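Read through the structure below, which is laid out as C-alpha cells, and then see the notes.
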Amino acid sequence: HYVGNWFATLVDVAVVVDAFVAALAGTALVSRTAFAMSREGGLPRVFAWTHPRFKTPWVSILASLALTVILVSWLARGTWNDPFTYFVFMATTATFGILGTYILVALGGMAYFWRTRTASAVAYNLVLDVVLPVAAIVVCGLTIYWSITPRPPKPISYSIWVALAWLGLGLVYLLWLRISAPDKVAQFGSVLAEGGETAAPPEARVVPETG
C-alpha cells in the first residue's frame with residue numbers, strides 16, 4: 001500500500017522462505033528429540049536408528065514427516081479445508097507447549113542451583129537463581145493467559161486443551177515407565193548431559209549400505 005506491488009511480492013517471498021526454514025527447524029527439533037528420548041529408553045529403540053553415512057536419525061525424521069502429512073491431510077485439507085486455520089491452530093498449540101517447557105525449565109533450574117550451590121563453594125545468587133527464573137515464569141504464564149483470555153474463536157480455542165491433553169498423556173506415560181521400568185527413568189537426561197547427542201548408541205541399528 002505504501003511502497004508498491006514489488007515490495008509486497010518481496011515480502012511474500014521472504015515469508016515463503018521463512019516458512020520453509022521454520023518447517024525444517026520443526027522437523028529437526030521433533031526428530032532429534034525423539035532420537036534422544038529413544039536412546040534413553042523413553043521411546044522405542046527404532047527412533048534411535050541412524051544412517052550409516054550421514055549419521056542422521058532417519059526413522060525419526062520419516063516419522064515426523066509422516067505425522068505432518070497426516071495432520072495436514074486430516075485437518076488442513078479434510079476437516080477445515082483452510083491451510084491458514086490449520087497453521088494458526090498448530091502454531092498456537094505448539095506455543096503453549098513451548099511456554100510450558102520454559103516454565104518447567106525455569107523451575108528445574110531453580111531446584112538445580114539450590115541443590116548444587118548449597119553443596120559447593122559457589123554462593124547462591126538470589127537474582128540469577130530466583131528473581132530471573134520467577135520473572136520468566138510470570139512472563140510465560142501471562143502470555144498463556146492472554147492467549148486464552150478473551151476466548152479466541154474456534155478451532156483456535158481448542159489449542160490449549162490439545163496442549164494440556166498432550167501434557168497429560170506424557171505424564172501418564174512417564175508414570176507408567178516409573179512403575180514398569182524405573183531404571184530407564186533414572187537415566188533420562190544422561191545422554192544429553194554427556195554431550196553425545198549426535199552419536200548413536202551401540203544397540204541402535206543402522207541402515208545397511210547399498211551399492
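What you are looking at is a predicted structure, and each value in this text was computed from that prediction instead of being measured.
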Atom CG in Asp183, atom CZ in Phe188: separation rounded to 0.5 Å? 9.5 Å
Is there a donor-acceptor contact under 3.5 Å from the side chain of Tyr173 to the main chain of Gly42? yes
Does one hydrophobic cluster hold both Leu67 and Val59, with members joined at side-chain heavy-atom distances below 4.5 Å? no
Do you know which two heavy atoms are closest between Ser180 and Pro182, and how far apart they sit? C-CD, 3.7 Å
Consider only side-chain heavy atoms of I, L, V, M, F, W and Y, link residues closer than 4.5 Å, and tell whether Val46 and Leu62 are in one cluster. yes
In short, Glu40 meets Arg45 closest at the heavy-atom pair N-NH1, 4.4 Å
Are Ile137 and Ile160 grouped together when hydrophobic residues (ILVMFWY) are joined by side-chain heavy atoms under 4.5 angstrom apart? yes
Can you tell me how far CD1 of Ile61 sits from OG1 of Thr27, rounded to the nearest 0.5 angstrom? 8.5 Å
Kindly say whether Ala34 contributes a backbone atom to a donor-acceptor pair with the side chain of Ser38 at under 3.5 angstrom? no
List the residues meeting side-chain contact (heavy atoms from CB on, under 4.5 Å) with Thr85, not counting sequence neighbours, and say none if there are none. Trp80, Asp82, Pro155
Exam field: side chain Ser60 to backbone Phe47, donor-acceptor pair closer than 3.5 Å: yes
Under 3.5 Å donor-acceptor pairs involving side-chain atoms of residues 90-115, not counting sequence neighbours:
from   : atom 1 : to     : atom 2 : distance (Å)
Thr92  : OG1    : Val88  : O      : 2.7
Thr93  : OG1    : Phe89  : O      : 2.8
Thr93  : OG1    : Ser159 : OG     : 3.2
Thr95  : OG1    : Ala91  : O      : 2.7
Thr101 : OG1    : Gly97  : O      : 2.8

What are the two closest heavy atoms between Thr33 and Leu29, and how far apart are they? OG1-O, 2.7 Å
Nearest heavy-atom neighbours spanning Lys55 and Arg32: O-NH1, 4.3 Å
So if you build clusters from Ile, Leu, Val, Met, Phe, Trp, Tyr with side-chain heavy-atom gaps below 4.5 Å, do Trp166 and Leu164 land together? no
On a heavy-atom basis, which atom in Tyr86 and which in Leu75 lie closest, and how many Å separate them? CD1-CB, 3.7 Å
Are the side chain of Ser73 and the backbone of Ile70 linked by a donor-acceptor contact shorter than 3.5 Å? no
Tell me whether Leu65 is reachable from Leu71 by hopping between hydrophobic residues (I, L, V, M, F, W, Y) whose side-chain heavy atoms are closer than 4.5 Å. no
Would you mind listing every side chain to side chain donor-acceptor pair (under 3.5 Å) that reaches into residues 6-20, with sequence neighbours excluded? none
Over all heavy atoms of both residues, which pair between Pro152 and Ser157 is shortest? Give the atoms and the distance, please. O-CB, 3.3 Å
Taking atom CG as the centre, does Asn81 end up with more than 12 heavy-atom neighbours from other residues, nucleotides or ligands that are less than 6.0 angstrom away? yes
